[in-house]
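Let me begin by presenting the structure, written as structure tokens, before commenting on it.
The figures here come from the full heavy-atom set of this structure, side chains too, leaving out hydrogens, waters and symmetry mates. Letters A, B, ... are given to chains in the order of the sequence lines, protein chains preceding strands, and every chain is numbered from 1. Computed from a predicted model, the values in this text were never measured in an experiment.
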Protein chains: 2
Amino acid sequence: MVSIPVSIPVVNRGRLALAVPVASRALKRWAGGDRSQKHKQMILDEKKRTTLADVAVAAGVSKMTASRALRGAGDVSKAKADRVRQAAKEIGYVGNHLASSLSGKRSDLIGVVVPSVENIVFAEVLAGIADGIEGSDLQPVFGVTDYDLDKEYDVVRNMLSWKPAGIIVTGLDQSDATKRILENADVPVVQIMDVDGIPVDACVGLSHFTAGKEMAEALLKMGRKRFAYVGCGLDRDTRAAKRLSGFQAALSENGLAFVATRIGRARSTVKAGRDLSAEVLASHPGLDCIYYSNDDLAVGGAYHCIANGVAVPDELVLAGFNGLDLVDSLPIRIATTRTPRREIGRAAAEIVLNSNHGGGVGTERRKQFHPAIDIGV
Amino acid sequence: MVSIPVSIPVVNRGRLALAVPVASRALKRWAGGDRSQKHKQMILDEKKRTTLADVAVAAGVSKMTASRALRGAGDVSKAKADRVRQAAKEIGYVGNHLASSLSGKRSDLIGVVVPSVENIVFAEVLAGIADGIEGSDLQPVFGVTDYDLDKEYDVVRNMLSWKPAGIIVTGLDQSDATKRILENADVPVVQIMDVDGIPVDACVGLSHFTAGKEMAEALLKMGRKRFAYVGCGLDRDTRAAKRLSGFQAALSENGLAFVATRIGRARSTVKAGRDLSAEVLASHPGLDCIYYSNDDLAVGGAYHCIANGVAVPDELVLAGFNGLDLVDSLPIRIATTRTPRREIGRAAAEIVLNSNHGGGVGTERRKQFHPAIDIGV
DNA sequence: CTGAAAGCGCTAACAC
DNA sequence: GTGTTAGCGCTTTCAG
């Protein structure tokens with residue numbers, strides 16, 4: 001981290017007019033009336049806004065030539081092309097994606113369906129997707145399902161009706177109805193985060209079952225024996241449930257099982273993690289390890305331990321999942337599985353990009369990441 | 001937090017087939033060829049997909065009647081309406097938003113422009129927007145600017161070409177060019193997070209200048225005298241800069257100024273906060289308060305203090321901004337300004353909803369929240 | 001290289 | 001109530 005001590009400018013001092021009236025033009029426009037009469041002849045015919053035809057007229061060519069010039073398709077003489085671009089800029093032509101997408105038979109929209117955006121993990125996936133489509137003219141449309149299968153169906157359906165260039169949905173465990181419309185949609189479908197199952201088209205993610213299993217094995221190797229599990233929303237988050245499955249599988253292979261289990265109903269938050277940890281530690285003395293459904297909860301556990309003088313990791317090992325930023329700088333070390341969120345998002349976007357580009361299914365249909373386990377020393 | 005100890009089911013045990021081949025039908029379809037010949041007569045005429053016309057035929061009515069029935073517009077006899085809906089469901093009609101939006105003159109898209117999605121704050125705003133449009137048929141399209149004014153222009157421009165029902169952009173400090181296209185767009189524009197300035201149409205947020213000022217006043221009242229400032233990316237995050245302005249204003253009113261200042265160039269992360277805090281505390285002994293540009297950095301500072309035995313808040317007070325979840329459960333108390341992210345998102349969405357609904361500008365054009373200051377006792 | 005015609009799928013306007 | 005006629009703004013033919 002480079003840091004530069006500088007003198008700090010007082011910003012915008014003069015502009016901090018706090019109770020200024022709103023620009024009235026904008027207001028009136030918004031209210032519906034008064035279309036500004038920039039072109040006199042428009043007053044009567046109520047012409048809406050500049051279209052390709054306007055550009056064509058301004059450039060003295062046909063609509064088609066203008067169209068071709070603007071998007072660099074087909075062959076247009078350099079002279080005319082320049083003229084068109086110039087004209088477009090001058091009259092402030094913006095274009096209408098609805099029209100072009102309808103005409104072509106696919107839009108530049110890329111649908112993204114996630115269970116939640118408040119979870120930083122999905123926010124990072126979105127960032128990865130944004131990365132991945134950078135440079136292309138795709139625009140992400142997103143929908144949130146709240147881990148609700150019916151809502152997911154609605155969102156996917158709605159999304160498909162925009163004829164997107166591709167659709168990225170979280171997880172492999174959609175309802176049958178959702179899978180059906182996805183399959184019939186004739187659009188590349190990329191399912192992300194998970195690879196434990198059969199994708200509709202392609203998937204990119206990691207095996208949560210394996211992740212849970214490997215974490216358990218690592219902890220067992222450290223000599224841990226008395227495990228507790230703390231999780232939230234397992235009924236809806238199937239990936240967390242898969243990790244748990246894997247973890248349990250490893251335990252039973254070693255003749256062990258969870259000593260205690262706490263499943264919260266609320267969202268996974270640091271606070272929930274702290275509270276649940278306090279509960280389970282109080283009711284089950286002698287635990288030497290807690291596996292959490294994710295890092296948020298684990299950090300809550302860490303806070304509890306710091307506040308109550310529990311020696312981590314000597315006395316008690318805490319293990320989360322994801323490898324979030326806030327885990328790295330924690331004053332105490334906890335174990336976690338470092339998942340490549342951005343990379344998953346980016347890879348998903350690229351799959352959509354490639355498949356659309358016409359190249360076909362050249363890309364892998366199952367891209368599996370193998371996240372590293374960090375036992376926090 | 002309610003917690004329920006339950007027996008944990010091993011999920012999907014039988015389905016964890018890890019290296020299964022992808023459904024080949026989907027593949028072939030995706031590859032471009034082989035449109036499944038569900039309707040024999042379609043083999044020849046290569047009819048693309050079910051449209052409103054198909055529904056109309058299936059229901060034995062005209063396209064118009066089908067259209068009206070499907071969206072509950074105009075008057076359609078109950079009998080026919082039912083017939084249409086039935087037919088639509090049977091043939092799996094999905095509809096085409098591109099076409100309907102082009103025909104009507106506005107889409108059901110709502111554009112959302114944020115500087116970053118990795119910052120949990122904006123993720124929460126998005127969640128609020130999702131809340132706000134719940135129930136309406138609006139779909140959010142988002143664009144990320146990375147705090148880059150040029151990129152912001154491109155994103156806004158691109159977004160406008162979808163003729164969205166409204167557009168929500170972060171902050172009041174767009175470039176002039178961006179403001180211009182926003183003004184001319186004939187679309188409700190809601191600028192969020194900030195109210196220190198003049199909005200294009202409407203804004204909802206808080207005064208960051210005031211927030212900084214009030215925080216300083218609260219800290220001064222606690223008797224703090226030797227202040228340091230730690231921030232990241234101030235050149236791009238104008239709102240953080242405004243808070244800093246306000247804070248400085250309060251200091252100088254009391255004849256004080258920052259003893260030390262550390263401006264990082266990287267993104268605001270917990271780690272950056274920890275590192276910068278270590279630096280500034282090492283180089284400036286005797287500080288009794290650090291003001292951070294946000295909570296992420298402040299939490300980093302808290303971690304540093306915990307790890308190094310600095311007594312917080314007795315010896316040193318740490319102050320952030322936002323009131324994030326992870327601050328609440330921290331083992332030590334830090335000061336922060338609690339911003340209503342979700343509420344801002346929801347309010348912005350509602351403004352778009354209302355203005356579109358035709359109701360006009362009945363809603364306030366400047367919705368200011370007054371965030372509470374939590375000095376963390 | 002360029003342009004004219006014909007839609008993409010749907011919905012406002014008007015008829016009936 | 002219901003159907004017909006025109007487009008929305010652009011792009012894909014297919015002639016020149």
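Rounded to an integer number of Å, the gap from CG of B:Leu102 to P of C:dC8 is 13 Å. When the C1' atom of D:dG9 is taken as reference, atom CZ of B:Arg106 falls 16 Å away, rounded to whole Å. When rounded to the nearest whole Å, the span between CG of A:Leu70 and P of D:dG9 equals 16 Å.
Side-chain atoms of A:Asp148 do not come within 3.5 Å of backbone N or O of A:Thr145 as any donor-acceptor pair. Although no hydrogens or angles enter the test, the distance criterion places a donor-acceptor pair under 3.5 Å between the side chain of B:Thr170 and the main chain of B:Val113. A side-chain donor-acceptor contact under 3.5 Å links A:Ser136 to the backbone of A:Ile133.
Under 4.0 angstrom from either OP1 or OP2 of D:dT2 there lies no side-chain N or O belonging to B:Thr65.
The end-to-end axis angle of the helix from C:dC1-D:dG16 to C:dC16-D:dG1, rounded to 10 degrees and based on five pairs per end, is 30°.
Taking A:Lys89 as the reference, nothing meets the salt bridge (charged side-chain N to carboxylate O under 4.0 Å, His left out) condition, with sequence neighbours excluded.
Looking only at atom types and distance, the side chain of A:Thr65 has a donor-acceptor partner in the side chain of A:Ser62 under 3.5 Å away.
The list of ring pair (Phe, Tyr, Trp, His ring centres under 6.0 Å) pairs with a residue in residues 49-79 of chain A, not counting sequence neighbours, is empty.
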Please set out all donor-acceptor pairs under 3.5 angstrom arising from side-chain atoms of residues 158-169 of chain B, sequence neighbours excluded.
{"unit_1": "B:Ser161", "atom_1": "OG", "unit_2": "A:His97", "atom_2": "ND1", "d": "2.9"}
{"unit_1": "B:Ser161", "atom_1": "OG", "unit_2": "B:Asn158", "atom_2": "O", "d": "2.6"}
{"unit_1": "B:Trp162", "atom_1": "NE1", "unit_2": "A:His97", "atom_2": "ND1", "d": "3.2"}

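Of the residues in residues 75-86 of chain B, those placing a heavy atom less than 4.0 Å from an atom of DNA chain D are B:Asp75, B:Val76, B:Ser77, B:Lys80, in numerical order.
A salt bridge is defined here as a Lys NZ or Arg NE, NH1 or NH2 lying under 4.0 Å from an Asp or Glu carboxylate O, and B:Lys151 with A:Glu134 meets this definition. By the 4.0 Å N-to-carboxylate-O rule, A:Arg342 lies close enough to A:Asp131 to be salt-bridged with it.
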Practice prompt. Going 5' to 3' through nucleotides 10-16 of chain D, assign each nucleotide B (protein heavy atom under 4.0 Å from a base atom), S (under 4.0 Å only from sugar-phosphate atoms) or - (no protein heavy atom that close).
Written response: BBB----
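Between B:Val190 and B:Val204 the shortest heavy-atom distance is CG1-CG1, 3.6 Å.
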